[in-house]
Amino acid sequence: MSDAFKFGSFDYFCEHTALVVCPLLGSSQGTMATCYARNVQLGSQIIFQPATCFVHIAALGMTAIMLFHVRSKYTAVGRKEIVTFFYMYMFNELLAIFLDSAIIPTAHAVYPWFTAVYAGSVGALYWCILINGFVGFQLYEDGTPISLWFLRLSCLVIWGICFFISIATFKQFASFSYEKPVGLFVTYLVFPAVCAVIYFISQLLLVVRTLDDRWVIGDLVFMAGFYICGILLLLAFSVTICDKVNHYVDGVFFFSMAMLLTVMMIYKYWDSITKEDLEFSVGSKAAVWEVKDPLMAGGSEYYTEDDTQSSYRGGGGSLVGGMGGNNYYGNYPAQNYGQQNYSQGGYGGNAGGYGGQQQQYGGGHY
């Protein structure tokens, strides 16, 4: 490559890979990548990066599934905040479908505007996940209007700043120029990388200092691994991949796949560190309120075989107040204890005690 890496310049990156901002930077004609994935023609429409488009569509489907599971955890910490992140990621992927595939042609008048919206959404997306990283520290109550509106308004501010810098660079006004896009370099490349690093470090500290479960560190390791691999495949090995597979795919395809896996690991990590309070669970968790205690439900089917031997159920009974439990509860007619030779006088009912019996024994046998 003729151009070496230089801070504030997109020449090195645009020669290695086909970023959506590259057709608008460097000169009025933009900067073209050395090798990029071949296109396909559908009717009168030429689709660029077809394999990458399938990844974006798959990302929309997977994010919808993750949103469904996140929204079902009604009492989990940071649920509403992480939902905002997933919605923003879906919006990002939707824009990427139109920009990567050139459904909106790069020569069209609206392409710079859509690209500026996309560049702003990238910055807001990384800011959103950064704010989500501090929710677990409970610096403020999650899910409250203060927490949610701070997240939304701050993301809107970041989006506005990134959007303005992008469109000003593309249109060359307010002292910005596409020949020296230093501001765009900071907001589009440097700022997201800084947010990602801070998020990873903060979550590592959160796990080590506040959680007993260390297995979730594995989720963080996989998350960082997918992210770093995606960046390397996009910026360092895109041309090599493109040449080896005969232009069928390039680094953009693997970068999009790696970002999807990174987002999935973010969901997996969040799901691992959040536990739902079943006391306040509703909706799909209604089954936890099913009555299982026999004392709280009527019907003989709840009584076990041992319980049928209790005094109340009609079995044999313990002594209560000197008589059988059955007699006490009225389940059986009272027994005539006099027939059993018991009397108030003592154990020798017919002879007035032990002495009566002894006299009988003495007269008849001894």
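Values below: every heavy atom of this structure, side chains too, minus hydrogens, waters and symmetry copies.
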Student: Evaluate the criterion side chain to side chain contact (heavy atoms under 4.5 Å, CB included) for residue pair L94 and M90; output intermediate values, then yes/no.
Tutor: CA-CA 6 Å; L94 186 63; M90 291 184 72; over 6 Å; no
Student: Please confirm whether the backbone N or O of V207 pairs with a side-chain atom of T210, one donor and one acceptor, at under 3.5 Å?
Tutor: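 Between the backbone of V207 and the side chain of T210 there is no qualifying donor-acceptor contact (under 3.5 Å).
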Student: Can you check whether V77's main-chain N or O pairs, donor with acceptor, with T274's side chain at less than 3.5 Å?
Tutor: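 No, T274 side chain to V77 backbone: no donor-acceptor pair under 3.5 Å.
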Student: Compare every heavy atom of T262 with every heavy atom of F226, then report the nearest pair and how far apart it is.
Tutor: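 Residues F226 and T262, closest heavy atoms: CB-OG1, 3.4 Å.
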Student: Taking only residues two or more places apart in sequence or in another chain, which ones pass side-chain hydrogen bond (donor to acceptor under 3.5 Å, both in side chains) with Y36?
Tutor: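 Applying side-chain hydrogen bond (donor to acceptor under 3.5 Å, both in side chains) to Y36 gives none.
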Student: Is there side-chain contact between F98 and Y118, with heavy atoms separated by less than 4.5 Å?
Tutor: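 They are not in side-chain contact.
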Student: So which heavy atom on F164 is nearest to which on A174, and how close?
Tutor: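 The pair with the smallest heavy-atom distance is CZ-CB, 4.0 Å.
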Student: Under the rule for ring pair (Phe, Tyr, Trp, His ring centres under 6.0 Å), what residues qualify as partners of F134, not counting sequence neighbours?
Tutor: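 Expected list: none.
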Student: I'd like to know if the side chain of N132 reaches the main chain of C128, judged simply by a donor and an acceptor atom lying under 3.5 Å from each other, with no hydrogens or angles considered.
Tutor: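 Yes, N132 side chain to C128 backbone: donor-acceptor pair under 3.5 Å.
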Student: Would F5 and F13 count as a close aromatic pair, with their ring centres under 6.0 Å?
Tutor: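 Ring centroids of F5 and F13 are less than 6.0 Å from each other.
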Student: Within this structure, what is the CD1-OH distance for the pair I82 and Y87, rounded to the nearest 0.5 Å?
Tutor: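 The CD1 atom of I82 sits 13.0 Å away from the OH atom of Y87.
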Student: May I ask you to decide if the ring planes of F163 and W159 are parallel, tilted or perpendicular, using 30° and 60° as cut-offs?
Tutor: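 F163 and W159: parallel rings.
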Student: Please list, chain by chain and in numerical order, all residues satisfying side chain to side chain contact (heavy atoms under 4.5 Å, CB included) with T187, sequence neighbours excluded.
Tutor: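 Listed in chain order: C162, I165, L184.
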Student: Should L25 and V182 be regarded as members of a common hydrophobic cluster, given that ILVMFWY residues are connected when their side-chain heavy atoms come within less than 4.5 Å of each other, either directly or indirectly?
Tutor: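 Cluster IDs for L25 and V182 differ.
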Student: Apply side-chain hydrogen bond (donor to acceptor under 3.5 Å, both in side chains) to E179 and list each qualifying residue two or more places apart in sequence or on a separate chain.
Tutor: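 Per chain and number, E179 pairs via side-chain hydrogen bond (donor to acceptor under 3.5 Å, both in side chains) with no residue.
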Student: Look at atom CD of Q41 and say whether more than 12 heavy atoms of other residues, nucleotides or ligands are closer to it than 6.0 Å.
Tutor: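 For Q41, atom CD is crowded (more than 12 foreign heavy atoms under 6.0 Å).
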Student: For R214, is the CZ atom crowded, meaning more than 12 foreign heavy atoms sit under 6.0 Å from it?
Tutor: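 Yes, enclosed.
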Student: Any non-hydrogen side-chain atom of D11 less than 4.5 Å from a side-chain atom of K6?
Tutor: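 Not touching, per the 4.5 Å side-chain cut-off.
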Student: Quick one: do F10 and M32 end up in the same hydrophobic cluster if we chain Ile, Leu, Val, Met, Phe, Trp and Tyr together by side-chain heavy atoms under 4.5 Å apart?
Tutor: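 No, because F10 and M32 fall into different hydrophobic clusters, even though each may have its own neighbours under 4.5 Å.
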Student: List, by chain and then residue number, the residues other than W149 in its hydrophobic cluster (Ile/Leu/Val/Met/Phe/Trp/Tyr, side-chain heavy atoms under 4.5 Å); write none if there are no others.
Tutor: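 The other cluster members (ILVMFWY side chains, heavy atoms under 4.5 Å, direct or chained) are L153.
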Student: Do L206 and F137 have side chains that approach each other closer than 4.5 Å (heavy atoms only, starting at C-beta)?
Tutor: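 L206 vs F137: side chains touch.
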Student: Mind checking side chain to side chain contact (heavy atoms under 4.5 Å, CB included) for T52 and listing every partner two or more places apart, or none if nothing turns up?
Tutor: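 Result, side chain to side chain contact (heavy atoms under 4.5 Å, CB included) vs T52: Q49, H56, D100, V252, F253, S256.
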Student: With side chain to side chain contact (heavy atoms under 4.5 Å, CB included) as the criterion, how do T115 and I104 come out once you've worked through the C-alpha distance, each side chain's angles and the decisive distance to 0.1 Å?
Tutor: CA-CA 10 Å; T115 305; I104 302 175; over 6 Å; no
Student: Run the side-chain donor-acceptor check on residues 138-146: report pairs under 3.5 Å with partners two or more places apart or on a different chain.
Tutor:
{"from": "Q138", "atom 1": "NE2", "to": "V135", "atom 2": "O", "distance (Å)": "3.2"}
{"from": "D142", "atom 1": "OD2", "to": "G78", "atom 2": "N", "distance (Å)": "3.0"}
{"from": "T144", "atom 1": "OG1", "to": "E141", "atom 2": "O", "distance (Å)": "2.9"}
{"from": "T144", "atom 1": "OG1", "to": "S147", "atom 2": "N", "distance (Å)": "3.4"}

Student: Taking the side chain as everything from C-beta on, heavy atoms only, tell me whether P181 gets closer than 4.5 Å to F170.
Tutor: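 Sidechains of F170 and P181: no contact.
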Student: How many angstroms lie between OG in S166 and NZ in K171, if you round to the nearest 0.5 Å?
Tutor: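 Rounded to the nearest 0.5 Å, the OG-NZ separation comes out at 13.0 Å.
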Student: Who passes ring pair (Phe, Tyr, Trp, His ring centres under 6.0 Å) against Y126, sequence neighbours left out?
Tutor: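 Y126: no ring pair (Phe, Tyr, Trp, His ring centres under 6.0 Å) contacts found.
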Student: Going from CG on D243 to OG on S238, what distance comes out if it is rounded to the nearest 0.5 angstrom?
Tutor: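 Reported to 0.5 Å precision, the distance equals 9.5 Å.
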Student: Just list the side-chain donor-acceptor pairs under 3.5 Å for residues 58-70, sequence neighbours left out, or say none.
Tutor:
{"from": "T63", "atom 1": "OG1", "to": "A59", "atom 2": "O", "distance (Å)": "2.6"}

Student: So do R38 and F48 actually touch side chain to side chain, heavy atoms under 4.5 Å?
Tutor: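 SC-SC contact between F48 and R38 ruled out.
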Student: Please round to the nearest 0.5 Å and tell me the distance separating atom CD of E81 and atom CZ of R152.
Tutor: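 Going from the CD atom of E81 to the CZ atom of R152 covers 9.0 Å.
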Student: Indicate the ring-plane relationship of F185 and F7, choosing parallel, tilted or perpendicular according to the 30° and 60° boundaries.
Tutor: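 Rings of F185 and F7: perpendicular, as their planes differ by over 60°.
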Student: Is it true that the side chains of S272 and K268 contain a donor and an acceptor less than 3.5 Å apart?
Tutor: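 Judged by distance alone, the side chains do pair up.
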Student: State the CD-OG distance between E93 and S121, to the nearest 0.5 angstrom.
Tutor: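 Taking CD in E93 and OG in S121, the distance rounds to 9.5 Å.
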Student: Holding to ring pair (Phe, Tyr, Trp, His ring centres under 6.0 Å), I want the full list of residues that pass it with F173, two or more places apart in sequence or in another chain.
Tutor: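 For F173 there are no ring pair (Phe, Tyr, Trp, His ring centres under 6.0 Å) partners, ignoring immediate neighbours.
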Student: Do D250 side-chain atoms and C242 backbone N/O form a donor-acceptor pair below 3.5 Å?
Tutor: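 Absent.
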Student: Go through the structure and list residues passing side-chain hydrogen bond (donor to acceptor under 3.5 Å, both in side chains) with T106, not counting sequence neighbours.
Tutor: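 Residues passing side-chain hydrogen bond (donor to acceptor under 3.5 Å, both in side chains) with T106: none at all.
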Student: Quick one, I129 and Y89 - any side-chain contact, counting heavy atoms below 4.5 Å?
Tutor: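 Not touching, per the 4.5 Å side-chain cut-off.
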Student: Please determine, by modelled atom types, if E15 and T34 share a side-chain donor-acceptor pair under 3.5 angstrom.
Tutor: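 There is no such pair between these side chains.
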Student: Should F91 and L148 be counted in the same cluster of Ile, Leu, Val, Met, Phe, Trp and Tyr side chains packed under 4.5 Å apart?
Tutor: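 Different clusters.
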Student: State, yes or no, whether a side-chain contact exists between M223 and D219 at a heavy-atom distance under 4.5 Å.
Tutor: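 A side-chain contact under 4.5 Å is absent here.
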Student: Are the side chain of S202 and the backbone N or O of Y199 linked by a donor-acceptor pair below 3.5 Å?
Tutor: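 Indeed, once roles are kept as given, a pair shorter than 3.5 Å links the two residues.
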Student: Over all heavy atoms of both residues, which pair between T169 and S177 is shortest? Give the atoms and the distance, please.
Tutor: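 Between these two residues, the closest heavy atoms are CG2-O, 3.5 Å.
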Student: If you group Ile, Leu, Val, Met, Phe, Trp and Tyr by side-chain heavy-atom gaps below 4.5 Å, do V110 and L24 land in one group?
Tutor: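 They do share one cluster, since a chain of ILVMFWY contacts under 4.5 Å joins V110 to L24.
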Student: Do other residues, nucleotides or ligands put more than 12 heavy atoms under 6.0 Å from the CZ atom of R71?
Tutor: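 No - once you tally the heavy atoms of other residues, nucleotides and ligands closer than 6.0 Å, there are 12 at most.
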Student: Please determine whether the number of non-hydrogen atoms from other residues, nucleotides or ligands lying under 6.0 Å from atom NE2 of H108 exceeds 12.
Tutor: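 Open: at most 12 neighbouring heavy atoms sit under 6.0 Å from NE2 of H108.
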Student: Side chain to side chain contact (heavy atoms under 4.5 Å, CB included) for F255 and L233? Distances and angles first, verdict last.
Tutor: CA-CA 6 Å; F255 173 77; L233 291 172; 5.9 Å; no
Student: Kindly indicate whether the side chain of L130, heavy atoms from C-beta on, has any atom under 4.5 Å from the side chain of W127.
Tutor: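 Contact flag for L130/W127 side chains = yes.
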Student: Take atom CZ in F222; do more than 12 heavy atoms of anything else shown fall under 6.0 Å from it?
Tutor: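 Atom CZ in F222 is not crowded, with 12 or fewer foreign heavy atoms closer than 6.0 Å.
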Student: Nearest 0.5 Å, please: how far is CG in L234 from CE in M259?
Tutor: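 CG of L234 is found 8.5 Å from CE of M259.
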Student: By the rule that ILVMFWY residues connect when side-chain heavy atoms come within less than 4.5 angstrom, directly or transitively, which residues belong alongside F54?
Tutor: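 Its cluster mates, by chain and number: none.
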Student: I need the minimum non-hydrogen distance between A119 and Y188, along with the two atoms involved.
Tutor: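 What the structure gives for the nearest pair is CB-CD1, 3.9 Å.
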Student: Consider only side-chain heavy atoms of I, L, V, M, F, W and Y, link residues closer than 4.5 Å, and tell whether V221 and V263 are in one cluster.
Tutor: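 Same cluster.
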Student: Take C35 and H247 through the side chain to side chain contact (heavy atoms under 4.5 Å, CB included) test and state the conclusion after the steps.
Tutor: CA-CA 7 Å; C35 183; H247 295 244; 3.3 Å; yes
